[in-house]
Novice: 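The structure's right below; bear with me while I get my questions together.
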Amino acid sequence: MRLATWNVNSVKARLPRLLTWLDEHEPDVVCLQETKCRADQFPAAEVEELGYTTAVRGDGRWNGVAILSRVGVEDVSTGFPGEPVYEGAAEEPQLELTEPVVLTPEARAIGATCGGVRVWSLYAPNGRTPDSAHYVYKLEWFAALREALATELASGAPLVACGDYNVAPTDDDVWDPAVFAHSTHVTPPERQALADLRAVGLHDVVPTPMKGPHPFTYWDYRAGAFHKNMGMRIDLFYASEDVAGRVRSAYVDREARKGKGPSDHAPVVVDLDPA
DNA sequence: ATGGCTAATCGCATTAGA
């Protein structure tokens with residue numbers, strides 16, 4: 001069974017590359033993040049032609065997550081209990097004041113059971129700066145995620161929680177720790193949030209880099225960062241113990257970051273032995 | 001050759017990404 005996670009940075013802008021990638025790599029399950037489109041605008045028909053059924057969550061602007069599967073999609077959860085609402089959204093001007101503003105959680109998580117594995121596609125809040133409300137929201141989001149996944153893990157079912165975590169687990173997971181000294185993605189509370197997730201029974205399946213010593217998954221579009229391998233490992237594949245024990249291989253497909261019109265993230269691909 | 005941002009939006013400038 002082949003699973004993958006990929007922040008595509010707009011599924012519409014990336015659709016030709018996504019379809020080519022699916023055709024070439026033939027994954028059974030793909031978790032997508034930053035689809036940046038409403039659920040009803042997701043190109044479901046195009047991926048269905050390649051044999052995939054879809055579970056999609058998107059509210060139209062930023063964010064957006066999806067699961068593609070050719071081994072079934074059952075028991076879809078559009079989000080998890082306790083998802084925090086980002087209050088900063090309330091500061092945006094409202095054009096229509098006739099109705100009270102109802103804030104809903106952003107489209108950052110979707111779960112489904114695919115081929116007997118509980119799969120979550122996750123897109124953690126960025127955090128922006130460590131002194132921002134968005135950073136507080138990020139930590140709250142991780143805390144709620146931990147509770148939700150702990151509940152699911154208690155059932156004993158095989159589980160995968162993969163996606164763009166927006167946290168580099170160690171200093172080895174950023175190209176230059178000094179550059180991130182006062183930034184999000186590397187602060188002790190963010191790394192503790194990852195440790196708290198591992199503490200409830202999740203294992204970090206670290207992929208093999210296809211080049212260089214670091215399995216980076218993200219490179220900024222600017223300043224030739226990819227060319228210079230100025231990257232970060234922030235797309236993570238967390239798995240329950242039994243799934244982690246079935247991992248035959250895991251790698252970063254940095255080929256998908258090359259060429260014209262790539263996402264700024266590369267897919268992480270994980271092959272599992274049969275249960 | 002993998003290159004110096006990119007995508008979406010009530011757009012021609014702003015916001016967000018990380």
Side-chain angles (χ1 to χ4, degrees), chain A residues 5-18 20-21 32-43 58-65 86 88-97 106-108 122-135 137-139 141-142 163-171 173-187 189-191 193-194 209-212 214 216-236 252-267:
Chain A
T5 182
W6 192 7
N7 178 324
V8 289
N9 185 16
S10 170
V11 71
K12 290 179 192 169
R14 217 65 58 213
L15 187 58
R17 289 185 71 121
L18 173 63
T20 300
W21 191 85
L32 301 178
Q33 300 86 36
E34 273 201 88
T35 53
K36 292 185 176 176
C37 80
R38 283 205 328 250
D40 64 313
Q41 297 177 331
F42 191 87
D59 51 24
R61 197 159 187 203
W62 299 293
N63 316 315
V65 287
Y86 178 52
E91 297 166 10
E92 295 176 3
Q94 300 294 323
L95 295 179
E96 298 181 23
L97 297 173
E106 296 174 314
R108 296 184 176 277
L122 304 169
Y123 177 49
N126 173 285
R128 297 179 188 166
T129 60
D131 61 352
S132 70
H134 208 257
Y135 178 84
Y137 164 57
K138 182 178 191 175
L139 296 178
W141 187 88
F142 274 119
D164 180 354
Y165 279 69
N166 269 323
V167 180
T170 74
D171 279 353
D173 295 311
V174 295
W175 60 276
D176 183 357
V179 171
F180 297 89
H182 303 291
S183 303
T184 58
H185 294 61
V186 301
T187 65
E190 290 168 281
R191 287 175 171 169
L194 294 186
M210 286 170 66
K211 181 183 178 183
H214 304 287
F216 295 149
T217 64
Y218 162 84
W219 300 261
D220 197 298
Y221 283 124
R222 292 167 287 189
F226 180 66
H227 174 66
K228 300 170 188 169
N229 203 25
M230 295 158 58
M232 308 171 77
R233 182 170 83 96
I234 53 176
D235 298 273
L236 308 179
V252 180
D253 182 15
R254 68 192 304 286
E255 294 297 314
R257 181 63 176 78
K258 297 180 180 179
K260 183 175 172 58
S263 169
D264 42 3
H265 297 250

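All chains are named by letter (A, B, ...) in the order of the sequence lines, taking the proteins before the strands, and each is independently numbered beginning at 1. Computed from heavy atoms alone, side chains included, the values below leave out hydrogens, waters and symmetry copies.
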Novice: For a quick check of understanding: with a heavy-atom distance under 4.0 Å over all strands, which category does A:E255 fall into, base, sugar-phosphate or nothing?
Specialist: nothing
Novice: With a 4.0 Å cut-off on heavy atoms, is A:N126 in touch with a base, just the backbone sugar-phosphate, or nothing at all?
Specialist: base
Novice: Mind calculating the distance between NZ (A:K138) and P (B:dA16) to the nearest angstrom?
Specialist: 16 Å
Novice: Mapping A:H227 and A:V11 to their closest nucleotides on DNA chain B, which lands nearer the 5' end?
Specialist: A:H227
Novice: Could you verify whether a donor N or O on one side chain and an acceptor N or O on the other, from A:T5 and A:Q33, lie under 3.5 Å apart?
Specialist: yes
Novice: Is there a side-chain contact between A:H185 and the phosphate of B:dG17, meaning an N or O under 4.0 Å from OP1 or OP2?
Specialist: no
Novice: On a whole-Å scale, what distance lies between the P atoms belonging to B:dT9 and B:dG4?
Specialist: 24 Å
Novice: Send over the distance from A:R128 CZ to B:dA18 C1', rounded to a whole Å.
Specialist: 11 Å
Novice: Which listed nucleotide (B:dT2, B:dT15, B:dT6) is nearest to the side chain of A:W62?
Specialist: B:dT15
Novice: Checking all strands, does A:Y218 fall into the base, sugar-phosphate, or nothing category for heavy-atom contacts under 4.0 angstrom?
Specialist: sugar-phosphate
Novice: Applying a 4.0 Å non-hydrogen cut-off, can you work out what A:N7 is touching in the nucleic acid: base, sugar-phosphate, or nothing?
Specialist: sugar-phosphate
Novice: If we take the P atom in both B:dG3 and B:dG17, what is their distance in whole Å?
Specialist: 25 Å
Novice: Using a cut-off of 4.0 Å on non-hydrogen atoms, how would the nucleic acid contact of A:Y123 be classed: base, sugar-phosphate, or nothing?
Specialist: sugar-phosphate
Novice: Measure the acute angle between the ring planes of A:F226 and A:W219, then classify it against the limits of 30° and 60° as parallel, tilted or perpendicular.
Specialist: perpendicular
Novice: Can you tell me if A:N9 touches the phosphate of B:dA7, counting only side-chain N or O atoms and a distance under 4.0 Å to OP1 or OP2?
Specialist: no
Novice: When the distance from CG of A:D253 to P of B:dT2 is rounded to whole Å, what number comes out?
Specialist: 14 Å
Novice: B:dA18 P sits how many Å from A:N166 CG, rounded?
Specialist: 4 Å
Novice: Could you check A:A13 against A:D164 and say which one's nearest nucleotide on DNA chain B is further toward the 5' end?
Specialist: A:A13
Novice: Looking at B:dA8, I'd like to know if its phosphate oxygens (OP1 or OP2) sit under 4.0 Å from a side-chain N or O belonging to A:S10.
Specialist: yes
Novice: So does A:K211 reach the base of B:dT2 with its side chain, donor to acceptor, closer than 3.5 Å?
Specialist: yes
Novice: Would you measure the distance from the P atom in B:dA16 across to the matching atom in B:dT2 and give it in whole Å?
Specialist: 34 Å
Novice: To the nearest Å, give me how far apart OH (A:Y221) and C1' (B:dT15) are.
Specialist: 16 Å
Novice: Tell me the interatomic distance from A:K36, atom NZ, to B:dG17, atom P, rounded to whole angstroms.
Specialist: 9 Å
Novice: When the C1' atoms of B:dC10 and B:dT14 are considered, how many whole Å apart are they?
Specialist: 13 Å
Novice: Please work out which of the three classes, parallel, tilted or perpendicular, describes the rings of A:W21 and A:W6, given edges at 30° and 60°.
Specialist: tilted
Novice: Rounded to the nearest Å, what distance is computed from the CH2 atom of residue A:W219 to the C1' atom of nucleotide B:dA18?
Specialist: 14 Å
Novice: Given the P atoms of B:dG11 and B:dA1, what is the spacing between them in whole Å?
Specialist: 42 Å
Novice: Answer with base, sugar-phosphate or nothing: what part of the nucleic acid does A:G127 contact at a heavy-atom distance below 4.0 Å?
Specialist: nothing
Novice: Nearest 0.5 Å, what's the NZ-CD distance between A:K211 and A:E255?
Specialist: 9.5 Å
Novice: What residues form a salt bridge (charged side-chain N to carboxylate O under 4.0 Å, His left out) with A:D171, not counting sequence neighbours?
Specialist: A:R191
Novice: Return no unless some side-chain N or O of A:R14 is found under 4.0 Å from OP1 or OP2 of B:dA7.
Specialist: yes
Novice: Once you apply a heavy-atom cut-off of 4.0 Å, does A:G259 come out as touching a base, just sugar-phosphate, or nothing?
Specialist: sugar-phosphate
Novice: Parallel under 30°, tilted from 30 to 60°, perpendicular over 60°: which one fits the rings of A:Y137 and A:H134?
Specialist: perpendicular
Novice: Tell me the interatomic distance from A:L15, atom CG, to B:dT6, atom P, rounded to whole angstroms.
Specialist: 19 Å
Novice: Look at the side-chain N and O atoms of A:R254 and state whether any lies under 4.0 Å from the OP1 or OP2 oxygen of B:dT2.
Specialist: no
Novice: So, taking the atom named OH in A:Y165 and the one named CG in A:L194, what distance separates them when rounded to the nearest 0.5 Å?
Specialist: 8.0 Å
